[in-house]
Visitor: 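This structure is in structure tokens; I'll ask about it shortly.
Letters go in sequence order (proteins before strands), and every chain restarts at 1.
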Amino acid sequence: MEKLPLGLVIDLNQVVPYKTGSWRTLMPVNIMQVPPCTHACPAGNDIRGFLRVLAEKEDYEEAWHVLARTNPLPATCGRVCPHPCEAGCNRRDFDSSVAINCSERRVGDYGLEHNLEHKKLVSGRKEKIAVVGSGPAGLSCAFHLAKRGFKVKIFEAYGEPGGWMRYGIPPYRLPNYILKQEIDNILRLGIDLECNVKVGVNIPLDQLTREYNAVFLGVGAQKGLGIDVPGKDADNVYTGVDFLKQVNSGKWMEIGKDVVVIGGGNTAMDCARVSKRLGANVSVVYRRTRMEMPAITAEIDEAMEERIMFRYHTNPVKLVTDEGRVVGIFSIQMELKEPDASGRARPVPITGSEAFIPADTVIMATGQAVDYDGIDVQTVDNQWMYTNEHLMTSMEGVFAGGDAVAGLETVALAIGQGTQAASAIEDYIEGNVESNLAQPPVVYSRDLNTYYYNKQKQFNKEAVSIHTRLKNFREIYPSFDLKDIIEESKRCFSCGLCFHCGNCYMYCPDSAVKISPSTGGYEFDLDFCKGCGLCAKECPCHYIQLTLEK
Amino acid sequence: MEQSAEELNKIEKKDLFTSGHRACGGCGQALAARLVADASGENTIACVATGCLEVFSSPYPDPSWRIPFLHSLFENAAAVASGVEAAYKALNKGPVNIIAQGGDGSTADIGFQCMSGMFERGHNVLYVCYDNEAYMNTGVQRSSFTPLGARTSTTPMGNKTRKKNMPLLAADHGIPYVATATVDDFRDLQRKVKTALSIEGPKYIHILAPCPLGWGHHGELSVQICRLAKDTGIFPIYEIVDGKVTNVLKIPVKVPVEEYLKLQGRFKHLFKKGQPTPEVAEIQEIANQNIARFNL
Amino acid sequence: MLKQIEGSRAVAECVAMCRPNVISAYPITPQTHIVEDLAMIVGQGKLDAEFINVESEFAAASVVLGASAAGARAYSATSSQGLLLMCEVIYCIAGMRLPIVLTCANRAISAPLSIWNDQQDSMAMRDAGWIQLHAEDNQEASDLHIQAFKIAEQTSLPVMVCMDGFILTHAYEPVDIPEPKQVDDFLPPFLPKNIVDPRSPKGIGLFADPRFYLETRYILHRAMEKSEETIKEVSADFAKTFGRNSGGFIKTYKLEDADLVIVSMGSVVGTIKELIDRMEEEGKKVGLVQICSYRPFPRHEIYNVLKDKMNIVVLEKSISLGRGGILASDVRWSFPRAEKKDRNISSFIAGLGGRNIPMDDLRYMVEKVEKEPVELEFLGLKNELISEKDL
């Protein structure tokens with residue numbers, strides 16, 4: 001043992017610190033968790049990841065690559081996605097959610113403006129996969145498979161790729177050039193595309209199953225369904241699908257002065273707004289109320305802004321025709337009773353409430369179905385395709401995803417299923433048994449210490465005036481400023497992942513939080529940590545948690 | 001030593017008071033001592049009074065200080081610091097930051113005389129009081145900083161007196177700088193230490209440093225409790241520069257004192273079956289007076 | 001240079017020549033002219049030092065503690081209640097091995113309040129780990145301060161120079177005040193061992209748990225014992241430089257053939273010497289052992305000079321209440337158990353609270369112990385003032 005120094009005076013530079021780690025019963029750990037935005041995103045986008053890159057590095061290129069890991073269509077999704085991520089955003093309980101959708105759009109656009117390219121993870125695999133349909137599901141599946149080195153060929157029934165995004169969504173929401181660029185970028189991974197080939201009609205499905213190691217069906221739900229009322233077969237009656245397809249194919253439609261759109265979904269909104277841009281007075285006729293409308297809220301809002309008339313509780317009884325053309329509809333008022341099987345209030349007619357609504361064109365956006373022509377797979381309730389948990393249909397080696405499987409859903413969901421199918425196809429080809437790893441827990445508002453966040457207004461995208469926007473089919477939201485989006489990204493709470501606020505480092509009374517020389521991140525020095533939990537409590541984003549000492 | 005606003009606002013982490021001390025988990029005083037030492041920097045001498053801080057941070061052979069540390073007794077940190085300052089003057093050494101520091105007992109009770117003497121004589125010393133509102137090292141006995149209602153081992157039925165207002169007493173010595181701070185806002189705390197050290201003459205900084213053991217809260221709440229002490233008006237944050245109260249921290253949203261009291265075991269007896277006893281209203285009144293007095 | 005000078009002034013001038021860097025004192029309980037004179041010397045610019053007027057003796061001791069720990073040669077002076085108020089710091093200074101020099105102008109302690117001389121104050125500090133040197137007269141008091149700094153700094157032990165209050169401090173006597181140059185040659189500049197300095201951070205005043213505390217006390221005790229050599233060396237050195245004997249461990253007077261030996265310390269020694277001379281004329285052989293270093297206690301010296309003397313009387317100006325003479329007890333302890341048997345060591349307490357010790361009383365004491373040993377007696381006690389019921 002050391003001799004006692006004179007007066008017990010010690011050279012402080014020579015002190016070997018006493019280790020207090022043994023006092024600990026609880027131990028802090030860094031646990032990366034799933035933020036609610038990603039949890040809510042059907043495409044599984046790393047939203048926190050790309051926002052942190054923007055906030056910390058202001059690096060749009062890296063942010064684009066973060067997004068493109070899961071989603072090859074950020075500029076598209078940034079325009080058309082109803083962004084459930086924002087509904088999930090923990091910031092909503094604090095002031096308002098982060099404008100994730102706008103941020104995604106700006107990052108996607110940046111990628112296009114700067115010709116950023118996807119990177120292959122693996123190359124040179126021999127196996128071939130046929131993808132049927134070039135909508136979001138097909139593109140996503142093809143994208144992920146191509147990145148993993150498979151030889152992919154897409155068969156598209158129409159003249160141009162994009163599926164419903166190309167032929168359904170009107171250009172004022174999603175300009176064609178944006179979609180085209182994103183698709184071209186995907187195809188640049190070496191994906192073959194053959195258009196105007198309708199699988200099941202022009203080429204039998206079993207030919208694909210023979211020639212390819214696997215097939216993915218991303219055929220969508222592009223058969224428009226009308227309602228069965230007298231007069232439905234008149235010339236100037238369209239299904240929503242047909243109407244949009246024709247307009248989006250560049251065909252000029254003579255629709256007259258008054259247009260009645262029947263339905264309350266997104267297709268109905270698109271039809272109504274397109275008709276408005278074609279110069280008509282538009283009424284939307286819907287059996288229930290706005291509350292029950294399945295369309296995206298923003299779409300309804302924008303439609304209303306554009307002075308489209310909404311007739312709620314209104315049900316068409318018959319289409320009044322004159323010389324084979326509809327001149328108007330007879331409708332009856334409905335009242336809402338107890339919910340039906342869909343969970344929505346059941347509309348019941350009120351006797352004697354019939355009314356006549358004049359119409360030069362009637363568009364029935366009242367439902368869509370899968371076109372099973374030549375595709376003989378098992379279905380669920382005669383409606384959507386059946387798949388097992390790996391998205392494989394009843395046919396061996398044939399996988400499916402998107403609207404054909406999930407029903408009328410979002411682009412993001414289709415992308416998510418395409419991604420999932422790509423993994424499933426890889427596992428199928430490689431003979432892997434897919435393991436279901438436990439997902440990390442999701443961080444919710446109650447887990448956060450929001451003291452450290454400042455209230456800040458959400459980025460607000462500005463639409464062009466109604467007057468201007470109704471004159472053409474141009475996008476109604478002009479591009480956003482890069483700086484504004486950087487500012488917006490700084491509002492991200494970074495739920496469940498360290499954003500280097502330094503609280504743990506500064507607050508640890510034992511200086512037991514150190515900066516890792518290798519990663520530059522914070523790490524716990526368990527030789528000294530007493531497990532008091534101050535770091536976890538003051539961690540704004542719930543990245544630090546206490547666990548039982550091992 | 002004029003410093004730019006940027007330097008004053010810079011957060012310092014140098015671990016000049018570091019790991020290995022024997023404080024309880026979540027100790028507010030250990031945290032405060034590190035923030036103060038790091039803000040003062042290497043060119044500093046710490047003259048520490050006997051007390052929790054000294055006992056947990058300076059056992060032979062492994063003290064936690066990395067700046068020169070001098071301790072002798074409970075009540076004389078200010079006088080010892082005066083002596084150190086006099087020696088540096090006499091020997092023409094320096095400049096050096098000299099910081100006398102102690103708990104509330106060694107500041108406001110037994111050490112009050114030495115501190116008052118140091119202020120009055122005008123030594124160029126910063127006195128830092130780590131206020132944990134009782135004699136914690138010896139088993140949580142009442143001090144003149146123990147607030148109304150708080151239960152300590154010598155006020156088992158709750159303290160009947162109000163807390164001594166040390167910052168104002170210090171300021172009335174006519175010293176150039178007085179400030180209050182809490183450990184939750186380390187930037188503010190360190191700025192005040194740096195500001196104080198840039199001023200010639202005696203300075204006083206009063207830091208609220210929660211004691212999990214004595215206050216009866218879990219260590220993880222030490223920072224949150226400070227925040228509530230501020231937001232209730234119980235512990236006003238301000239500076240007194242040349243006798244003028246300034247930089248008063250406004251309370252963004254005023255919180256009832258219950259929120260603060262309920263987190264701490266020492267105030268548990270003030271709530272019978274969840275209902276506040278009349279003392280709570282009295283404590284609220286103290287907070288209200290602070291709010292009115294400092295325009296919080 | 002020989003000067004007719006007040007004791008306090010002489011001490012102040014000698015202390016100033018030792019060039020302390022920091023002086024701190026408190027005036028009231030009670031103080032001597034020493035610090036007033038030093039304040040003047042500093043004020044006139046004759047000494048480059050910080051003079052800190054504090055709010056209590058406690059603070060004065062704390063200030064010199066801090067100053068010493070920061071590398072300054074530090075000095076204070078006090079007495080009586082002031083010393084008692086310093087008590088906590090006094091112990092601390094020794095434990096921290098800080099070479100501080102302090103003058104104790106010995107005076108009585110309360111209650112009742114008395115401002116006059118005895119030695120109960122320094123006696124109360126005898127176990128603190130300070131070297132205590134007692135001066136016989138103002139010349140020795142002055143000389144001892146010069147020696148004290150040297151002893152303190154060589155041993156890393158604090159030194160308390162004790163001189164009887166009023167009797168010495170306020171008395172005008174001729175004192176040979178040395179030249180500053182002589183003092184500078186004798187006393188090298190202070191080279192502190194451990195100081196608080198950011199350039200080499202040290203921890204001073206650490207907490208010792210039961211694994212270490214016992215050893216620190218043992219070390220301090222042994223250091224006190226070992227300081228004997230330094231005290232003797234410095235005294236011898238002083239004699240060489242200044243040409244007179246001052247300090248050291250003990251001094252003897254007409255001891256050789258003495259039948260009876262008085263042991264005492266402080267200014268009363270002067271009166272005792274006079275008595276011895278007178279009694280010598282009367283044919284009585286009385287000797288004196290004068291204790292200069294009370295702590296460390298010169299046990300072996302006393303044994304060596306007194307081992308053949310069978311009749312010893314200890315005269316002291318202090319008392320351990322409920323026990324008796326403190327010095328007497330120390331002297332009795334100086335003899336091995338076997339040699340105590342037939343040796344008479346009497347104990348007399350005198351002069352408490354400034355009571356005069358007249359020659360007659362001393363003569364009475366000598367004559368009494370010639371006849372029989374006295375366990376304990378208060379010299380000059382006025383029995384007529386004492387009510388039996390209060391005892």
Visitor: Which heavy-atom pair separates A:Ser511 from B:Asp15 by the least distance, and what is that distance?
Guide: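 Taking every non-hydrogen atom into account, OG-OD1, 3.0 Å.
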Visitor: In sequence, state the C-alpha distance, the side-chain angles, and the governing distance for A:Met506 and B:Ile11, and then conclude on side chain to side chain contact (heavy atoms under 4.5 Å, CB included).
Guide: CA-CA 9 Å; A:Met506 285 307 286; B:Ile11 297 168; 3.1 Å; yes
Visitor: Between chain A and each of B:Ala33, B:Pro63, B:Cys24, count heavy-atom pairs under 4.5 Å; write down the option with the most.
Guide: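 Looking at each of B:Ala33, B:Pro63, B:Cys24 in turn, B:Pro63 comes out on top.
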Visitor: So which residue, B:Gly26, B:Ser222, B:Gly28, ends up with the most heavy-atom pairs under 4.5 Å with chain A?
Guide: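 Going by pairs under 4.5 Å, I would pick B:Gly26.
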Visitor: Against chain A, work out which of B:Arg66, B:His218, B:Arg227 has the most heavy-atom pairs shorter than 4.5 Å and name it.
Guide: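 Top count of heavy-atom pairs under 4.5 Å with chain A: B:Arg227.
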Visitor: Is it the backbone or the side chain of A:Ile10 that comes under 4.5 Å from a heavy atom of chain B, or both, or neither?
Guide: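 Only the side chain of A:Ile10 comes within 4.5 Å of chain B.
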Visitor: Quick one: of A:Asp527, A:Leu534, A:Leu546, who has the most non-hydrogen atom pairs under 4.5 Å with chain B?
Guide: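 Looking at each of A:Asp527, A:Leu534, A:Leu546 in turn, A:Leu534 comes out on top.
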Visitor: Side chain, backbone, both or neither: which part of B:Ile67 has an atom under 4.5 Å from a heavy atom of chain A?
Guide: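 For B:Ile67, the backbone is the part near chain A, not the side chain.
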Visitor: So what's closer than 4.5 Å to chain A heavy atoms on B:Arg22: side chain, backbone, both or neither?
Guide: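 B:Arg22 touches chain A through backbone and side-chain heavy atoms alike.
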Visitor: Flag the pair A:Lys537 / B:Val223 as yes when at least one side-chain heavy-atom distance between them is below 4.5 Å, and no otherwise.
Guide: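 Counting from C-beta outward, A:Lys537 and B:Val223 never come under 4.5 Å.
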Visitor: When you measure from the side chain of B:Ser19 to the backbone N and O of A:Asp510, does any donor-acceptor pair fall under 3.5 Å?
Guide: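 Here the side-chain-to-backbone pair exists.
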Visitor: Name the region of A:Tyr18, side chain, backbone, both or neither, that has any atom closer than 4.5 Å to a heavy atom of chain B.
Guide: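 Its backbone and side chain both get close to chain B.
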Visitor: Checking B:Asp184 against chain A: side chain, backbone, both or neither under 4.5 Å from a heavy atom?
Guide: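 Interface part for B:Asp184: both.
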Visitor: For B:Lys10, I'd like to know if atom NZ has over 12 heavy atoms of other residues, nucleotides or ligands within 6.0 Å.
Guide: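 Result for NZ/B:Lys10: open.
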Visitor: What option among B:Leu35, B:Thr18, B:Asp38, B:Leu31 has the most heavy-atom pairs under 4.5 Å with chain A?
Guide: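 Highest number of heavy-atom pairs under 4.5 Å: B:Leu31.
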Visitor: Given that the side chain runs from C-beta out, which part of A:Asn449 has a heavy atom under 4.5 Å from chain B: side chain, backbone, both or neither?
Guide: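 For A:Asn449, side-chain heavy atoms alone lie under 4.5 Å from chain B.
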Visitor: Using a 6.0 Å cut-off, check whether atom NE2 of A:His39 has over 12 heavy atoms from anything other than its own residue.
Guide: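 No - once you tally the heavy atoms of other residues, nucleotides and ligands closer than 6.0 Å, there are 12 at most.
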Visitor: Working note: A:Leu4 + B:Tyr60, criterion side chain to side chain contact (heavy atoms under 4.5 Å, CB included); need CA distance, chi angles, decisive distance, verdict.
Guide: CA-CA 9 Å; A:Leu4 297 184; B:Tyr60 176 83; 3.4 Å; yes
Visitor: Looking only at heavy atoms, which two atoms of A:Glu538 and B:Gln224 are closest? And how far apart?
Guide: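 Scanning both residues completely, I find the closest heavy atoms to be OE2-N, 3.8 Å.
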Visitor: Locate the shortest heavy-atom distance separating B:Ala30 from A:Pro509; write the atom from each residue and the value.
Guide: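 Answer, listing the atom of B:Ala30 first, then A:Pro509: CB-O, 3.9 Å.
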Visitor: Please step through side chain to side chain contact (heavy atoms under 4.5 Å, CB included) for the pair B:Phe56 and A:Thr20, ending with a clear verdict.
Guide: CA-CA 12 Å; B:Phe56 72 60; A:Thr20 51; over 6 Å; no
Visitor: Let me know if A:Tyr451 has heavy atoms under 4.5 Å from chain B in its side chain, its backbone, both or neither.
Guide: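 Interface part for A:Tyr451: side chain.
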Visitor: In terms of heavy-atom proximity below 4.5 Å to chain A, should B:Pro59 be classed as side chain, backbone, both, or neither?
Guide: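 Neither part.
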Visitor: For atom NZ of B:Lys250, decide whether the heavy atoms of other residues, nucleotides or ligands shown that lie under 6.0 angstrom number more than 12.
Guide: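 Enclosed: over 12 neighbouring heavy atoms sit under 6.0 Å from NZ of B:Lys250.
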Visitor: Side chain, backbone, both or neither: which part of B:Arg34 has a non-hydrogen atom closer than 4.5 Å to chain A?
Guide: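 Only the side chain of B:Arg34 comes within 4.5 Å of chain A.
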Visitor: Between A:Lys530 (side chain) and B:Ala23 (backbone), is there a donor-acceptor pair under 3.5 Å?
Guide: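 Yes, because the side chain of A:Lys530 sits within donor-acceptor range (under 3.5 Å) of the backbone of B:Ala23.
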Visitor: Hey, what do you get for CG (A:Leu26) to CD (B:Glu220), rounding to the nearest 0.5 Å?
Guide: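 Atom-to-atom, A:Leu26:CG and B:Glu220:CD are 9.0 Å apart.
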